Amino acid sequence: MSDGPDSGRPAFTLVEVPQATEDPAQDDMAALFSAPVQDGTRRKGDIFRPGPGPMVEFRGVTKTYQGNSRGLDDVSLRIGTGEFVFLVGPSGSGKSTFIRLIIRELRPTEGSVIVGGRELGELRRGKVPYLRRAIGCVFQDFRLLPDRTAAENVAYALQVTGHKKAEVRRRVPEILSLVGLDGKYDRLPRELSGGEQQRVSIARALVNHPRLLIADEPTGNLDPETSLGIMDLLLRINRTGTTVLVATHDRHTVDRMQMRVIALQEGRVVRDEESSGYHDRTGEVPA
Amino acid sequence: MRIGMFFREALRSIRANAAISVAATVTALIAVFILGAFIPSFMYVRSAVDSQKAKVDVDVYIADTASVAQVNSLRDRLNGLRTDGTVAEVTYVSKEDALRIMRERLRDPSVLDELPSNPLPAKFNVRPTDAENADVIVAAVKDDPALDPTEGIVYPESTADRLLTAAKFVQWAGFVLIGILLLAAVLLIGNTIRLSIFARRREVEVMRLVGATNWFIRWPFMIEGVICGLVGAVVAVGMLWGIKVGVVDAWAAGADSALTKTGSAAGTIAFPMLTLVLVGAGALLGAIGSGITLRRFLKV
Ligand SMILES: Nc1ncnc2c1ncn2[C@@H]1O[C@H](COP(=O)(O)OP(=O)(O)OP(=O)(O)O)[C@@H](O)[C@H]1O
Ligand SMILES: [Mg+2]
């Protein structure tokens, strides 16, 4: 492949926010994200409690890092099952901290985090891997395994959940192709551009059909066009019933999509609005 | 499928941290080599001591004046010791037998012809199951009326004691040395596995974040330790084989006649058995070494 990912055919073709019934891509997505995600039946090893409750709930959560640096400050909010939410705010406002609390990479200093009906503070250590399998997470710094190819990185997430070899062989190319990485399956992360690594990270987060998909700056390293493609992908996944939480600085994307926006500043929620843009309705930078 | 995957993961880790894996392998090699040199030597010494110990027997001399009933009662007492496991064998040596044996031993048996009567008493030759039991036998029959008043009971007390002390020393020294050696090897291998974990700590972190369980992450490291232990053991066995064929066998062939002359029945462990033991030990060293480390350093 001498073609770069962005020369020639674009990785994604973004149609105006598609109508679910008319869009053939939507059917592909439904096929890829098979039934369990939609009908809410419990999968093997699933630790989420069934029920109508919110997917994520923060109750008075404060996270203080060592050296008294504040990550989050008394945050209380709910994210309903099936919602699409943007988490915005300037650098250092606590977006990554928020996300790391959800996957229990961090534990709150005060308050409680409840995910899928599970109070994470009460979750036994041995259960944490199962929590993480139910959540797909795209990390701000990708967190790819450096000595594994793109395909192997994605496969690892499937192997962890005990998928059969044949299943892994079938699903990995499917999902890599979905994020526009055709022909780059056998590249090591260091042989991929930042944006390509990011897409491997996205593929890995998607491959297990998570109930909750979290993306920390998923378009941070992407050109506007690919960026749109990724956002479109996340939206289509959201349509299959998956709850999606995206932390971003990308103002254009947020403004264009008009979804729920939670704005953080210095660890506090300063705005939480349905169908909103990157900034306040007054057009002011959130103060 | 699972095992195969963990195995591939282990090989991947070994390749990624070649230097560390080589260190662990060499550690196992040295430990197994020393163990492999030590075990046969130790067993040789022990078997030499044992074969000497087997020769420690007790002669219970019978007075010429003892009645048939008294002799029978003494025999019964000794046979009683045989049933409780102290004694392996009781042989009656009559006065005539004793004289004949004496005659065979002497360079010039004609001197015996000049004796007016047979001065040698009859005896029971008692072979204890273990040299340590000699005292028990002596204590059991020392007041027997049938005993010869002058000869009484004779057994090579000092030889037996010295042999026993030597045997015990060899045994304990051997166990302690092997113990220290194995402990050191386990700790060293554990330490190299710790380095391997440390070198891959970012990866381990990522594995956890995508939902790998503790054991899913641990197995490859465990297998890595076992592979290093096995490879080290196999190389060590190869080296030992070379030394055995090139040095020990040649030396033993030369010394063979000398050894048989002294009547030493000492033997040692057969090489295939030794190989089995050492390869097993190598694998176990690796498993325990990495197991201990994983418990300490790989928690969710
Ligand atoms: N491990 C840590 N130790 C100490 N302080 C930390 C640590 N991680 C984050 N912080 C601090 O917590 C605050 C929130 O950080 P966080 O990473 O959540 O910000 P963010 O909103 O994700 O920023 P960005 O948009 O730059 O990624 C910052 O002030 C940061 O310095
Ligand atoms: Mg961040």
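Only a predicted model underlies this, so the values are computations on that prediction, with no experimental measurement involved.
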Side-chain atoms of residues 227-242 of chain B: list all donor-acceptor pairs with protein atoms under 3.5 Å, sequence neighbours left out, distances to 0.1 Å.
none

Heavy-atom proximity to chain A below 4.5 Å, by part of B:Arg15: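 No part of B:Arg15 comes within 4.5 Å of chain A.
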B:Arg12 side chain vs A:Asp147 backbone, donor-acceptor pair below 3.5 Å: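 Yes, the answer is positive, given that a donor and an acceptor are paired below the 3.5 Å cut-off.
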Intermediate values then yes/no, side chain to side chain contact (heavy atoms under 4.5 Å, CB included), B:Thr213 and A:Arg133: CA-CA 10 Å; B:Thr213 54; A:Arg133 288 174 195 183; 3.3 Å; yes
I'd like to check [X] versus [Y] (side-chain heavy atoms, cut-off strictly below 4.5 Å). Are they in contact?
X        : Y        : result
A:Tyr156 : B:Val206 : no
B:Arg200 : A:Leu145 : no
A:Ile103 : B:Leu209 : yes
A:Glu105 : B:Arg208 : no

Electrostatic pair A:Arg148:B:Glu9 at N-O distance under 4.0 angstrom: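 Judged by the 4.0 Å cut-off on N to carboxylate O distance, A:Arg148 and B:Glu9 do form a salt bridge.
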Test: A:Glu152 and B:Arg8 ion pair at under 4.0 Å: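 A salt bridge is absent here (no side-chain N lies under 4.0 Å from a carboxylate O).
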Full working for side chain to side chain contact (heavy atoms under 4.5 Å, CB included) between A:Leu144 and B:Glu203: CA-CA 8 Å; A:Leu144 297 177; B:Glu203 280 196 78; over 6 Å; no
So for atom [atom1], which belongs to [X], do other residues, nucleotides or ligands contribute more than 12 heavy atoms lying within a distance under 6.0 Å?
X        : atom1 : result
A:Arg170 : CZ    : yes
A:Tyr185 : OH    : yes
B:Phe38  : CZ    : yes
B:Phe198 : CZ    : no

Worked verdict on A:Arg204 versus B:Val210 for side chain to side chain contact (heavy atoms under 4.5 Å, CB included): CA-CA 9 Å; A:Arg204 182 180 62 186; B:Val210 300; 3.6 Å; yes
